[in-house]
Participant: 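Below are the structure tokens for one structure; questions will follow.
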Amino acid sequence: MAELVKDKESGVAAAGGGKMDIEHSRTFLEARSEEELLSGIKKEVEARRLPPNVAAGMEEFYRNYKNAVFQSGDPAAAETVLSNMAVALDLMLLDVEDPFVFQPYHKALREPFDYYMFGQNYIRPLIDFRNSYVGNLSLFYEIEEKLKQGHNVVLFSNHQTEADPAVIALLLEKTNPHIAENLIYVAGDRVITDPLCKPFSMGRNLICVYSKKHMYDVPELADMKRKANIRSLKEMALLLRTGSKLVWIAPSGGRDRPDPVTGEWNPAPFDSSSVDSMRRLIESSGAPGHMYPLALLCYDIMPPPSKVEKEIGERRIISFHGAGLSVAPEVAANCEKSEEVKDVYTQALYKSVTEQYNVLKSAIHGKQGLEASTAGIALSQPWN
């Protein structure tokens with residue numbers, strides 16, 4: 001992280017929207033203690049460089065992150081929190097001063113400041129790797145081989161937290177760094193508009209879309225959102241034509257939520273129109289395409305609000321916890337294009353994701369560990 005701070009200091013102008021005349025405050029980069037970091041937030045509010053609501057979110061973010069990292073028992077927790085949060089708060093302030101604008105297709109910013117590694121280093125202390133698992137590691141190698149051959153691959157996945165991209169990359173960085181760094185995420189507009197979230201999004205490859213769940217939050221903006229989604233679909237089509245692309249999409253249209261009665265978490269149902277749109281893009285790309293069901297369990301690390309919220313700026317609760325990722329064999333699409341066939345195919349993907357999710361749940365929450373493996377889902381801890 002010390003190297004990232006140096007990169008941060010040299011890459012400030014390019015990290016924001018690109019305006020070289022912005023006089024960026026160094027308040028957070030120069031902080032050497034928790035007291036200086038927190039007083040720095042107040043200082044920036046008084047200087048009118050930070051809106052009070054954003055400042056309140058930053059302070060809460062700091063305290064929740066600190067509590068989570070200290071849960072790990074790492075003797076270097078205090079140093080980790082200070083260095084990671086100094087860079088995070090600085091990037092958040094930079095975006096308030098000079099807002100970064102995401103294009104329909106956003107390629108991860110790796111220089112002069114490496115936003116990808118910033119996100120990796122920030123989320124890494126929140127994952128309890130002793131209680132984390134990867135399912136069917138051999139299939140991730142199979143996916144890498146298909147990408148090398150010029151094929152396109154789509155991962156149909158459930159979606160749990162804003163930290164999903166970092167969790168996926170961290171669980172695969174030792175064995176499949178190509179997947180970790182080159183995965184393209186279909187991302188909703190909230191992660192590219194919230195100033196506390198944007199620095200993390202800048203380090204990922206994104207196709208930016210407006211979620212159906214928020215299409216009519218502001219009715220007069222619905223038409224603009226639909227047109228923006230069409231532009232993003234065109235970008236996706238162009239990307240897939242070049243081949244060797246790996247795309248992650250959550251066909252549920254948003255994050256999983258706990259059952260309001262039981263409190264149990266399960267993958268949210270998939271939308272068949274989203275699945276079918278992706279299938280058609282793959283089939284019309286001109287390159288061979290493959291579709292795999294992917295399951296992700298990591299909601300404990302950064303759970304979403306219990307209900308879908310219209311407003312940008314949700315509270316971020318953070319914990320140190322085990323996480324899980326699993327992929328199953330690809331599901332071949334039927335040549336017929338009837339509505340019934342679309343629904344059956346979507347349900348086949350969803351069933352596989354749910355089965356994998358339940359195995360991960362048994363391993364992590366049920367404390368069964370590697371013993372939770374089944375005939376079709378082999379769990380491992382490839383970082384050991």
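Since the model is a prediction, treat every value here as computed from it, not as a measurement.
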Participant: Under the side-chain contact (heavy atoms from CB on, under 4.5 Å) test against L246, which residue among N182, L155, I184, N152 passes?
Facilitator: L155
Participant: Could you please spell out the steps behind the salt bridge (Lys or Arg N to Asp or Glu O under 4.0 Å) verdict for R204 and E181?
Facilitator: CA-CA 8 Å; R204 307 292 159 180; E181 297 187 35; over 6 Å; no
Participant: Between CG of D194 and CE of M92, what distance do you get to the nearest 0.5 Å?
Facilitator: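 Reported to 0.5 Å precision, the distance equals 8.5 Å.
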Participant: Provide the closest heavy-atom pair for L82 versus E34 in the form atom of the first, atom of the second, distance.
Facilitator: CD1-N, 4.1 Å
Participant: Let me see the working for T161 and D164 under side chain to side chain donor-acceptor pair (under 3.5 Å), right down to the final yes or no.
Facilitator: CA-CA 5 Å; T161 77; D164 285 2; 3.0 Å; yes
Participant: Any chance the side chains of D300 and S319 put a donor and an acceptor closer than 3.5 Å?
Facilitator: no
Participant: Between H178 and F140, is the ring centre distance below 6.0 Å?
Facilitator: no
Participant: Rounded to the nearest 0.5 Å, what separation is found between the CG atom of L172 and the CH2 atom of W383?
Facilitator: 8.5 Å
Participant: Do F28 and M85 touch side chain to side chain, with heavy atoms closer than 4.5 Å?
Facilitator: no
Participant: Side chains of S273 and D271: do they bring a donor and an acceptor to under 3.5 Å?
Facilitator: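 Judged by distance alone, the side chains do pair up.
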Participant: For P251 versus V275, what's the shortest heavy-atom pair and its separation?
Facilitator: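 Where P251 meets V275 most closely, the heavy atoms are CB-CG2, 3.7 Å.
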Participant: Is it true that the side chains of Y292 and E142 contain a donor and an acceptor less than 3.5 Å apart?
Facilitator: yes
Participant: Pairs in or reaching into residues 345-369: which pass salt bridge (Lys or Arg N to Asp or Glu O under 4.0 Å), with residues at least two apart or in two chains?
Facilitator: E264-K361
Participant: In this structure, is the centre-to-centre distance between the rings of F156 and Y350 below 6.0 Å?
Facilitator: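 Distance test on ring centres: not under 6.0 Å, no.
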Participant: Do the charged groups of R231 and E235 touch, with an N to O distance under 4.0 Å?
Facilitator: no
Participant: Are there more than 12 heavy atoms of other residues, nucleotides or ligands under 6.0 Å from atom CD of Q149?
Facilitator: yes
Participant: Is a donor from one side chain sitting under 3.5 angstrom from an acceptor on the other, for Y65 and N84?
Facilitator: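 There is such a pair (donor and acceptor under 3.5 Å, judged by atom type) between the side chains of Y65 and N84.
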Participant: For side chain to side chain donor-acceptor pair (under 3.5 Å), just list the numbers for E79 and S83, CA-CA rounded to whole Å, side-chain angles, deciding distance to a tenth of an Å, and then say yes or no.
Facilitator: CA-CA 6 Å; E79 182 183 342; S83 61; over 6 Å; no
Participant: Can you name the nearest heavy-atom pair linking I364 to G324, along with the distance?
Facilitator: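 Distance-wise, the nearest heavy atoms are CD1-N, 3.5 Å.
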Participant: Sequence neighbours left out, what passes ring-ring contact (aromatic ring centres under 6.0 Å, His included) with Y62? Give chain and number order.
Facilitator: none
Participant: Check L139, L325, N158, V353 against L294 for a side-chain contact (heavy atoms from CB on, under 4.5 Å) and give me the one that passes.
Facilitator: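 So the option named by the test is L325.
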Participant: Establish, from distance only, whether the side-chain atoms of N131 and H321 form a donor-acceptor pair under 3.5 Å.
Facilitator: no
Participant: Are the side chain of Q381 and the backbone N or O of S132 linked by a donor-acceptor pair below 3.5 Å?
Facilitator: yes
Participant: Below 6.0 angstrom between ring centroids: does that apply to H365 and W265?
Facilitator: no
Participant: May I ask you to decide whether E59 forms a salt bridge with R63, counting only side-chain N to carboxylate O separations under 4.0 Å?
Facilitator: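 The answer is yes: the pair qualifies as a salt bridge.
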Participant: Would you call E46 and K43 a salt bridge, using N to O less than 4.0 angstrom?
Facilitator: no
Participant: Examine the side chains of H24 and D98 and answer whether a donor and an acceptor come within less than 3.5 Å of each other.
Facilitator: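 Judged by distance alone, the side chains do not pair up.
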Participant: Out of the candidates Y122, Y185, F100, only one should pair with F200 under the ring pair (Phe, Tyr, Trp, His ring centres under 6.0 Å) rule; please name it.
Facilitator: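 The single option meeting the ring pair (Phe, Tyr, Trp, His ring centres under 6.0 Å) with F200 is Y122.
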Participant: Using the test salt bridge (Lys or Arg N to Asp or Glu O under 4.0 Å), find all partners of R241 that sit at least two apart in sequence or belong to another chain.
Facilitator: none
Participant: Rounded to the nearest 0.5 Å, what's the gap from CD1 on I318 to CD1 on I301? Could you check?
Facilitator: 10.5 Å
Participant: Tell me whether the centres of the aromatic rings in F113 and Y115 are closer together than 6.0 Å.
Facilitator: yes
Participant: Which heavy atom in Q160 sits nearest to a heavy atom in L297, and how many Å separate them?
Facilitator: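 Answer, listing the atom of Q160 first, then L297: OE1-CA, 3.3 Å.
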Participant: Can you check side chain to side chain donor-acceptor pair (under 3.5 Å) on D256 and H159, steps first, answer last?
Facilitator: CA-CA 6 Å; D256 303 333; H159 177 23; over 6 Å; no
Participant: Check whether the ring centres of F320 and F70 lie less than 6.0 Å apart, and answer yes or no.
Facilitator: no
Participant: Is the closest basic N to carboxylate O distance between R32 and E36 below 4.0 Å?
Facilitator: no
Participant: For E330 and P293, work out which heavy atoms get closest and say how close.
Facilitator: CA-CD, 4.4 Å
Participant: Please tell me if the side chains of Q347 and V344 come closer than 4.5 Å, counting only heavy atoms from C-beta onward.
Facilitator: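 With C-beta onward as the side chain, the pair stays apart.
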Participant: Which heavy atom in A372 sits nearest to a heavy atom in V359, and how many Å separate them?
Facilitator: O-CG1, 3.4 Å
